[in-house]
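Working notes, structure below.
Just so it is clear, the model here is predicted, and its values are computed rather than measured. Numbers restart at 1 for each chain; the letters A, B, ... are given by sequence-line order, proteins then strands. Side chains are part of it too, since the values below use all heavy atoms of this structure and drop only hydrogens, waters and symmetry mates.
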Number of protein chains: 2
Amino acid sequence: MKELTIQQKKVLQCIKFYIKKTGFPPTRADICRELGFKSPNAAESHLRALEKKGYITIENGASRGINLTENTAEQSQTIPVIGLVAAGSPTLADENIEKHIPYQESLFLSDFDYFLRVKGLSMKDAGIMEDDLVAIKKTSEVRNGDIVVARIDDEVTLKYFQSSGNQIKLIPANDDFEEIYINKETEGFFIEGKSVGLIREN
Amino acid sequence: MKELTIQQKKVLQCIKFYIKKTGFPPTRADICRELGFKSPNAAESHLRALEKKGYITIENGASRGINLTENTAEQSQTIPVIGLVAAGSPTLADENIEKHIPYQESLFLSDFDYFLRVKGLSMKDAGIMEDDLVAIKKTSEVRNGDIVVARIDDEVTLKYFQSSGNQIKLIPANDDFEEIYINKETEGFFIEGKSVGLIREN
DNA sequence: ATTTATACTGTATATATATTCAGTAAAATT
DNA sequence: AATTTTACTGAATATATATACAGTATAAAT
């Protein structure tokens with residue numbers, strides 16, 4: 001799809017926001033009000049540009065006859081899938097994002113920030129298998145028994161969390177793997193977040 | 001929420017369908033066209049009734065100013081969760097439906113009909129744990145290695161599927177459970193569907 | 001160098017649309 | 001038995017809305 005200008009992006013965002021807020025698309029006048037234009041033709045031209053570039057369709061003659069293209073509608077509702085690379089942290093930086101998948105607000109009980117693609121079988125006995133997508137909420141507030149994403153220097157790992165005092169144990173759910181003992185103040189140690197759910201695509 | 005009459009349900013369905021099709025709500029005239037009314041006031045009265053009962057809100061003066069209530073909007077996008085009861089089949093009958101959860105069309109690669117709430121640990125080594133929700137597609141076309149929902153008389157069970165000729169093996173993913181051998185033509189045996197995905201709420 | 005796209009203001013207008021008023025009739029509720 | 005709700009037709013109308021036309025100005029593409 002053709003790139004949008006900054007103004008056109010603003011107009012598209014305005015349409016999305018208006019629909020989310022009211023349930024129906026804006027009129028030309030509504031767009032002018034939201035973005036400070038003084039002529040309805042300003043909105044009209046932008047709409048025609050968005051239509052030409054394939055981001056919306058317009059039903060001629062119909063009031064509020066704006067329809068977001070499939071592609072456009074989904075863009076606002078995706079969540080990144082991040083690969084668990086042995087070296088490197090799961091940040092939201094573009095180079096770490098595997099793909100985007102549709103986002104459903106109330107899919108899990110807690111909200112979450114990204115999906116982590118699982119590599120290896122260290123959490124096998126917790127029912128977390130290779131290639132599963134674990135929903136991660138970014139937080140450092142974790143409790144004993146939580147499944148957490150922990151970073152130790154450049155290593156990122158998914159384990160059970162267990163702490164007593166300053167001592168932290170990262171426990172795998174697989175006898176073939178070793179427990180990791182670490183100190184709270186250890187340099188380079190960091191809790192990225194915790195698991196709040198899981199989805200698997202067969 | 002107050003119950004709707006048959007006519008009111010038709011009007012509400014019409015609005016939902018129109019929005020799904022065009023991306024924006026219908027006018028009074030649109031509703032008349034879709035449902036065969038000859039006066040715009042027929043639509044108007046129904047809309048006011050739907051508003052009064054809390055299924056929609058109407059922004060006065062705005063064209064197409066119909067907004068589906070949160071509750072209403074979600075109704076069209078939910079998928080049932082069905083408990084795996086030892087006796088009884090996972091049908092879509094009301095009494096078997098545990099709850100409804102929001103539905104995302106493209107959540108898994110294949111579409112699916114309902115979620116099955118897992119009881120027991122017979123598929124533990126396949127990473128399917130107690131209380132997981134397995135996405136089931138209703139079909140009898142299954143292949144060797146698929147995880148299937150099989151019914152034998154009143155027993156419903158989730159197992160690996162393996163067939164050779166007329167002989168069918170239902171294999172658990174847990175050494176504590178026994179394999180089930182059965183014949184294709186056995187009375188009361190039936191493949192309900194197969195697993196196409198899984199979600200877990202921590 | 002010329003054309004096209006972007007980014008608007010400002011005016012005008014046909015028509016799309018919500019909404020009111022006047023009825024009729026049957027069913028449900030009080 | 002009286003009132004309210006449901007379920008419409010039919011006509012009228014104020015206004016909400018899309019959209020065309022006339023300009024101005026700058027940036028980008030050919």
Side-chain angles (χ1 to χ4, degrees), chain A residues 1-69 72, chain B residues 1-69 72:
Chain A
M1 265 210 289
K2 237 185 161 184
E3 269 291 308
L4 294 182
T5 66
I6 295 164
Q7 264 332 286
Q8 288 166 355
K9 273 181 193 166
K10 273 189 195 168
V11 174
L12 188 60
Q13 272 310 113
C14 169
I15 297 168
K16 283 183 189 176
F17 182 74
Y18 194 99
I19 292 174
K20 193 163 191 174
K21 201 177 60 179
T22 67
F24 44 87
T27 64
R28 274 59 167 171
D30 290 330
I31 294 171
C32 289
R33 205 174 308 117
E34 299 273 353
L35 297 178
F37 301 155
K38 285 175 184 167
S39 167
N41 191 40
E44 178 73 22
S45 332
H46 278 128
L47 289 176
R48 295 300 166 182
L50 287 172
E51 187 188 31
K52 208 171 173 185
K53 288 184 176 176
Y55 287 78
I56 62 171
T57 59
I58 298 173
E59 189 173 321
N60 293 302
S63 66
R64 303 176 190 272
I66 301 170
N67 192 4
L68 298 176
T69 308
T72 309
Chain B
M1 267 214 285
K2 237 183 160 184
E3 269 292 308
L4 294 180
T5 66
I6 295 165
Q7 261 337 278
Q8 288 166 355
K9 273 182 193 165
K10 272 189 194 167
V11 174
L12 188 61
Q13 272 310 112
C14 169
I15 296 168
K16 285 183 185 174
F17 181 74
Y18 194 98
I19 292 174
K20 193 162 190 175
K21 200 177 63 181
T22 67
F24 45 86
T27 64
R28 275 59 166 171
D30 289 331
I31 294 171
C32 289
R33 205 174 309 114
E34 298 274 351
L35 298 177
F37 302 153
K38 284 176 185 167
S39 167
N41 190 41
E44 178 72 22
S45 332
H46 278 129
L47 290 176
R48 295 302 166 180
L50 288 172
E51 187 187 31
K52 209 171 173 183
K53 289 184 175 177
Y55 287 78
I56 62 172
T57 59
I58 299 173
E59 190 172 320
N60 294 300
S63 67
R64 304 178 190 269
I66 300 169
N67 192 3
L68 298 176
T69 308
T72 309

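Residues A:Leu47 and A:Ile31 form a side-chain contact, since some pair of their non-hydrogen atoms from C-beta on lies under 4.5 Å apart. Residues B:Tyr55 and B:Gln8 are not in side-chain contact: their nearest non-hydrogen atoms beyond the backbone lie 4.5 Å or more apart. Side-chain contact check for B:Leu35 versus B:Gln7: every heavy-atom pair is 4.5 Å or farther apart. Using a 4.5 Å heavy-atom cutoff, the side chains of B:Lys9 and B:Ile6 are not in contact. Side-chain atoms of B:Ile58 and B:Arg48, non-hydrogen and from C-beta on, do get closer than 4.5 Å to each other. The shortest distance between side-chain heavy atoms of A:Ile19 and A:Leu68 falls below 4.5 Å. Contact of the A:Leu50 side chain with the A:Ile15 side chain is registered, since non-hydrogen atoms from C-beta on lie closer than 4.5 Å.
For D:dT6, the OP1/OP2 oxygens have a side-chain nitrogen or oxygen of B:Lys53 closer than 4.0 Å. Checking the phosphate oxygens (OP1, OP2) of D:dT19, a side-chain nitrogen or oxygen of A:Arg48 falls inside 4.0 Å. Side-chain nitrogen and oxygen atoms of B:Lys10 include none within less than 4.0 Å of the OP1 or OP2 phosphate oxygen of D:dT6. Of the side-chain N and O atoms in A:Ser63, one or more sit less than 4.0 angstrom from OP1 or OP2 of C:dT17. Considering only side-chain N and O atoms, A:Thr5 lies nowhere under 4.0 angstrom from the phosphate OP1 or OP2 of C:dA5. OP1 or OP2 of C:dA7 has at least one side-chain nitrogen or oxygen of A:His46 nearer than 4.0 Å.
Atoms CD1 (A:Ile6) and C1' (C:dC8) sit 16 Å apart, rounded to a whole Å. Protein atom CD of A:Gln7 is 14 Å distant from nucleotide atom P of D:dA28, rounded to whole Å. For the pair A:Leu4 CG and C:dA7 C1', the computed distance is 15 Å after rounding to whole Å. Atoms CD1 (B:Ile56) and C1' (C:dA18) sit 13 Å apart, rounded to a whole Å. Between B:Leu47 atom CG and C:dT19 atom P there is a gap of 9 Å when expressed in whole angstrom units.
Contacts of B:Lys21 classified as salt bridge (charged side-chain N to carboxylate O under 4.0 Å, His left out), with partners at least two apart in sequence or in another chain: B:Glu34.
The side chain of A:Gln8 has C:dT6 as its nearest neighbour among C:dC8, C:dT6, D:dT5. Among the nucleotides C:dA7, D:dT17, D:dT6, the one closest to any side-chain atom of A:Arg64 is D:dT17.
Taking a 4.0 Å limit (strictly below) on heavy-atom distances, residues 23-41 of chain A reaches DNA chain D at A:Thr27, A:Arg28, A:Pro40, A:Asn41.
No side-chain donor-acceptor contact under 3.5 Å links A:Asn67 to the backbone of A:Thr57.
As judged by a 4.0 angstrom heavy-atom cut-off over every strand, A:Glu44 is placed among the base-contacting residues.
Note that the two end axes of the helix from C:dA1-D:dT30 to C:dT30-D:dA1 enclose an angle of 40°, each drawn from 5 base pairs, rounded to 10 degrees.
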